[in-house]
Amino acid sequence: MFKIGNFVLYLFQKGVEAEKRAISFLSKLRNELQTDKPVTPLEDELPDATLWNEYLDYQRNLSNGNGEPSWFQSPWLYIECYMYRRIHAALAQNPPIDNFDVFKEGKAQNFFESQGAIIALCTYFQELLKNIKDLDEKQLQEEFFKLLQVSLWGNKCDLSFSAGEDSSQKSSPLQCLEDMVPFILVNDMEKLWSLLINAKNRKTDKCKVRVDIILDNAGFELVSDFVLADFLLSSKLADEVHFHGKSIPWYVSDTTKNDFNWTIKQLQAANHMWMSRCGINWEGNLKKGVWVYHDHMFWTLPHDFSSMAEVAPDLYADLQKSNLLLFKGDLNYRKLTGDRKWEHTVPFHQALNKFHPAPLCSLRTLKSDTQVGLKPGQGEEIQASEPEWMISGKYGVVQFDAAL
Ligand SMILES: O=P(O)(O)OC[C@@]1(O)O[C@H](CO)[C@@H](O)[C@@H]1O
Ligand SMILES: [Mn+2]
């Protein structure tokens with residue numbers, strides 16, 4: 001008994017020491033940020049450190065003698081990613097808190113506060129499953145469009161955008177879909193449907209249809225992605241869904257493997273029949289191998305996706321096996337388009353800058369100032385009445401690129 005007590009005390013002290021080290025690392029980080037210090041190379045030995053340091057050299061070369069890359073001067077996308085990587089280093093080097101996710105609490109809260117919306121969605125979906133086999137093609141298409149839009153608007157719930165404040169889904173996610181259609185600035189849902197229905201109709205036993213979802217936020221958005229993924233399988237539009245999450249805590253609410261598994265467990269254990277049924281089915285999908293979770297360090301590097309083929313050829317080759325890639329969220333859109341100040345009328349295909357592993361689609365609510373593929377005058381017209389249109393999260397896109 002005494003020995004166990006000593007051991008617990010020892011562990012407690014180790015924990016306190018690790019916390020102190022992490023806090024001091026984070027204070028240093030805050031000071032560097034607030035005083036616009038030069039960006040420093042990473043000093044940890046995590047597997048991606050070399051790639052980060054090479055990227056810093058690349059930024060130094062870009063600045064072409066105009067001073068060192070620094071917190072206020074360097075590109076926003078790079079600096080913001082770098083900040084999350086440094087936060088990770090503060091914890092990852094510090095056992096026993098090396099696996100602690102500083103954003104876990106916020107993500108769990110988002111999930112619990114969205115409970116009503118999750119119940120509404122799971123109930124709707126389980127009712128739909130009861131007669132999905134009897135639906136004709138037109139009806140299937142309608143349901144696909146609905147669930148696609150729920151997943152699109154689910155992207156409003158992100159904690160980086162709301163600076164950690166409540167951003168849960170409060171209203172029923174299915175109710176106002178029709179009213180929100182005018183806010184979808186690029187609406188390629190028909191193109192997605194054609195791709196999927198043609199693949200289904202052409203399908204042979206040997207060739208499986210694979211859809212990949214490059215995930216964004218945990219909480220309500222993740223549940224909406226699960227429902228969409230289940231619909232794709234249950235309607236036989238796809239045979240496999242591959243999910244891609246983040247291997248380290250990222251942009252506050254992004255989904256890690258822990259969040260992915262935690263969410264399914266929470267649903268299973270819920271005191272609501274349809275929520276729990278969803279959780280049970282989804283764990284079954286993972287066990288059967290028709291749902292597959294992946295993570296890759298590339299998703300938490302600062303590089304935009306046009307560098308993927310060079311920096312992460314294994315990931316690029318894996319994505320090439322897919323029939324359709326669904327990229328969720330704003331950050332993925334920024335990385336798809338290189339976060340440049342493109343003219344709004346530049347075609348999406350061009351902004352992708354040769355990133356075409358497979359047909360792809362962005363499901364994104366606008367929270368940052370990059371938007372391509374609009375009709376002439378479309379952006380200017382909204383700008384005139386709503387100067388915040390690109391950062392308010394009120395508008396969205398379902399923007400497709402057929403690849404090659
Ligand atoms: O990718 P998400 O979750 O849709 O959005 C991430 C985001 O909120 O984080 C950044 C602001 O901190 C912006 O890039 C973007 O608005
Ligand atoms: Mn996010």
Side-chain angles (χ1 to χ4, degrees), residues 33 71-72 74-88 101-104 106-111 114 149-169 183-186 213-225 228 243-260 263 295 298-305 325-342 351 360-372 388-399:
L33 188 160
W71 286 85
F72 297 173
S74 292
W76 178 33
L77 180 62
Y78 168 47
I79 287 296
E80 207 175 6
C81 289
Y82 176 77
M83 178 186 75
Y84 285 102
R85 177 59 176 75
R86 287 278 302 269
I87 295 174
H88 176 62
D101 178 349
V102 288
F103 305 123
K104 175 70 215 164
K107 289 185 267 195
Q109 199 179 342
N110 176 292
F111 176 86
S114 307
Q149 288 171 82
V150 173
S151 165
L152 163 66
W153 297 122
N155 180 242
K156 283 189 183 204
C157 309
D158 111 61
L159 292 169
S160 155
F161 184 55
S162 64
E165 295 299 311
D166 179 13
S167 78
S168 54
Q169 174 77 29
F183 298 102
I184 307 181
L185 300 179
V186 180
I213 305 182
I214 296 76
L215 295 169
D216 188 0
N217 305 301
F220 179 76
E221 181 172 0
L222 179 60
V223 177
S224 72
D225 298 335
L228 178 64
F243 299 91
H244 301 263
K246 306 292 196 294
S247 48
I248 64 176
W250 199 243
Y251 278 69
V252 190
S253 44
D254 285 15
T255 306
T256 62
K257 188 175 189 178
N258 271 341
D259 301 325
F260 187 92
T263 305
D295 50 30
F298 181 79
W299 303 118
T300 49
L301 288 175
H303 304 68
D304 60 54
F305 296 161
L325 309 170
L326 297 175
F327 285 89
K328 295 294 317 281
D330 196 64
L331 178 61
N332 277 330
Y333 193 82
R334 294 171 65 194
K335 288 191 163 190
L336 284 166
T337 56
D339 208 29
R340 300 216 162 74
K341 222 165 179 28
W342 297 103
L360 66 86
C361 182
S362 159
L363 297 175
R364 168 246 187 169
T365 59
L366 280 65
K367 305 174 205 164
S368 60
D369 47 11
T370 302
Q371 183 57 56
V372 295
E388 306 275 273
W389 66 286
M390 280 205 280
I391 53 168
S392 62
K394 175 174 165 189
Y395 289 89
V397 292
V398 180
Q399 194 160 22

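Just so it is clear, the structure is predicted and the values come from calculations on it, not from any experiment. As the structure lists them, so they are numbered: ligands from 1, and atoms in each ligand from 1.
- If you look at Arg334 next to ligand 1, the close heavy atoms, those under 4.0 Å, all belong to the side chain.
- Considering backbone and side-chain atoms alike, Asp254 places every N or O at 3.5 Å or more from each N or O of ligand 1.
- In the vicinity of Leu331, heavy-atom distances shorter than 4.0 Å reach the ligand 1 atoms 1 (O), 2 (P).
- Near Asn217, with a cut-off below 4.0 Å to any heavy atom, the atoms of ligand 1 are 3 (O).
- Only side-chain heavy atoms of Glu80 come within less than 4.0 Å of ligand 1; its backbone N, CA, C and O stay farther off.
- Aromatic rings from Phe327 and Tyr333 are positioned such that their centres are separated by 6.0 Å or more.
- With ligand atoms numbered from 1 in the order given, ligand 1 contributes 4 (O) to contacts under 4.0 Å with heavy atoms of Asn155.
- Judged by distance alone, with hydrogens and angles left aside, the side-chain atoms of Lys328 form no donor-acceptor pair with the main-chain N or O of Gly154 at under 3.5 Å.
- Close approach of ligand 1 to Asp216 is summarised as follows: ligand atoms under 4.0 Å from at least one heavy atom of the residue are 1 (O), 2 (P), 3 (O), 4 (O).
- Checked against a 3.5 angstrom limit, the closest N/O atoms of Ser368 and ligand 1 fall outside it.
- Note: Trp71 and Tyr82 meet the aromatic proximity criterion, with ring centroids under 6.0 Å apart.
- Here the N, O or S atom of Asp254 that is nearest to the Mn ion (ligand 2) is OD1.
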- Message: The test is side-chain contact (heavy atoms from CB on, under 4.5 Å); show your working for Arg85 and Thr300 and say whether it passes.
- Response: CA-CA 8 Å; Arg85 177 59 176 75; Thr300 49; over 6 Å; no
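- The shortest distance between side-chain heavy atoms of Phe298 and Phe305 falls below 4.5 Å.
- Of the N and O atoms on the side chains of Asn258 and Asp101, not one donor lies less than 3.5 Å from an acceptor on the other residue.
- Salt-bridge formation is detected for the pair Lys104/Asp259: a Lys NZ or Arg NE/NH1/NH2 atom is positioned less than 4.0 Å from an Asp or Glu carboxylate oxygen.
- Rounding to 10 degrees gives 90° for the angle at the Mn ion (ligand 2) between OD1 of Asn217 and OD1 of Asp216.
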